[in-house]
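Scope of the values below: all heavy atoms of this structure, side chains included, with no hydrogens, waters or symmetry mates. Every number for a ligand or one of its atoms is a count from 1 in the order of the listing. Given the structure is predicted, the values throughout are model-derived calculations rather than measurements. Throughout, numbering of the chain's residues begins at 1 and tracks the sequence.
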Amino acid sequence: VETQIAEISDGIYRLSTCIGNGAEAFGFNQFLIKADEPLLFHCGHLAMFPTVSKAAEKILPLDKLRWISFGHFEGDECGSLNSWLSVAPHAVVRHSSVACMTSLNDFSQRQPVPFAVGEVLDLGGKRVRQIETPHFTHAWESQLIFEETTQTLFCADLGAHGGNGPAAITSDIVGPATAMEDHFRSSSLTPTTASTIRDLAALSPATLALMHGSSFSGDCKHQLLGLAEYYQNAFNAACKTKAQ
Ligand SMILES: [Fe+2]
Ligand SMILES: [Fe+2]
């Protein structure tokens, strides 16, 4: 298994490791934001650290990594967090205060620093805004980030789809993403799921950096509103079933 590298926005690199073949193929992506103070979003599984870190090293020396963040506390998001901290002595873990309180103060070998809600982190040349999204797509501590200079939204599991497609596409992701959600039901379906996605659509991102599947460039607002409609319908249907 080899990690593929692609620049999906100016200075934003997707590190992608695909397991399985054909219809069973499924990719795990990390994103490296190159800046004066580089930031890694998603660490990847512990078992994938050798191949992912080898790829990251082709973009920048690992000891230059300054910030590490991710969507929520889960193996593919942060299983290798402590391995990254070992090779990047200046790296600081940033996450929601809930993530720090519930898991990271215990799990991280270096003390994490909580984000203030909506805090903007100036990386020098790039600017990352934290977006707190409790229980979205799953887990209380969840957050996303938005890189303001390239208008790139880092979606974690939102829009996840399978296959081993190109690094970036301009074709529809709503179809493949909702087919995957129909199958796995990985999202927490709450009264605020659809409105959270509509709030993300209001950012009008230029690129959606997805943890699983191809990144999307183009009319991201349209794609996000399509996903919001899917989750709104799913929530309404679940409420109706419960009421019967
Ligand atoms: Fe997840
Ligand atoms: Fe994931």
Side-chain angles (χ1 to χ4, degrees), residues 1 3-4 6 8 12-20 24-33 39-49 51-52 55-56 68-81 83-84 93-96 98-100 102-104 107-108 112 115 130-146 152-165 167-168 173-174 176-190 192-193 196-197 200 207-216 223-224 227 230-231 234:
V1 180
T3 300
Q4 307 295 322
I8 57 148
I12 297 179
Y13 295 84
R14 173 186 185 262
L15 312 176
S16 185
T17 312
C18 192
I19 57 168
E24 302 295 314
F26 193 70
F28 295 89
N29 306 323
Q30 299 77 40
F31 296 94
L32 200 49
I33 304 178
L39 182 145
L40 176 72
F41 195 68
H42 306 308
C43 302
H45 290 104
L46 179 59
M48 287 186 183
F49 179 71
T51 176
V52 175
I68 297 176
S69 196
F70 43 91
H72 44 272
F73 190 74
E74 201 172 23
D76 59 354
E77 298 269 359
C78 64
S80 61
L81 173 64
S83 302
W84 286 100
V93 181
R94 302 298 308 270
H95 212 297
S96 67
V98 173
C100 294
T102 57
S103 298
L104 295 177
F107 177 74
S108 177
F115 272 127
Q130 191 252 15
I131 303 171
E132 206 130 311
T133 58
H135 304 287
F136 176 82
T137 54
H138 41 242
W140 178 24
E141 71 277 6
S142 296
Q143 64 166 16
L144 302 176
I145 59 167
F146 183 60
T152 300
L153 178 65
F154 295 79
C155 297
D157 293 324
L158 175 64
H161 54 276
N164 190 11
I173 59 161
V174 176
T178 55
M180 174 149 282
E181 181 63 22
D182 280 342
H183 184 68
F184 284 116
R185 300 278 174 207
S186 72
S187 303
S188 301
L189 198 54
T190 77
T192 57
T193 305
T196 298
I197 306 174
L200 298 173
T207 300
L208 302 176
L210 309 184
M211 184 188 215
H212 308 288
S214 306
S215 294
F216 175 86
Q223 296 293 317
L224 291 169
L227 290 168
Y230 165 86
Y231 283 105

task: Please assess His138 against Glu74 for the test side-chain contact (heavy atoms from CB on, under 4.5 Å), listing each intermediate value before the final yes or no.
output: CA-CA 10 Å; His138 41 242; Glu74 201 172 23; 3.2 Å; yes
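- Among the atoms of Glu77, no N, O or S atom falls under 2.8 Å of the Fe ion (ligand 2).
- Residue His42: no N/O/S atom is found under 2.8 Å from the Fe ion (ligand 2).
- Taking the Fe ion (ligand 1) as the corner point, the angle from His72 atom NE2 to His138 atom NE2 is about 90° (rounded to 10 degrees).
- Counting backbone and side-chain atoms alike, Glu74 contributes no N/O/S atom closer than 2.8 Å to the Fe ion (ligand 2).
- Of all N/O/S atoms in Asp76, OD2 sits nearest the Fe ion (ligand 2).
- Within Asp157, OD1 is the N, O or S atom that lies nearest to the Fe ion (ligand 2).
- By the 30° and 60° cut-offs, the orientation of the rings of Phe49 relative to Trp84 is perpendicular.
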field: Derivation of the side-chain contact (heavy atoms from CB on, under 4.5 Å) call for Thr3 and Met48
entry: CA-CA 9 Å; Thr3 300; Met48 287 186 183; over 6 Å; no
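- The aromatic rings of Phe28 and His45 sit perpendicular, their planes meeting at an angle over 60°, well past the 30° parallel limit.
- Checked by atom type, the side-chain pair Thr133/Ser142 shows no donor-acceptor distance below 3.5 Å.
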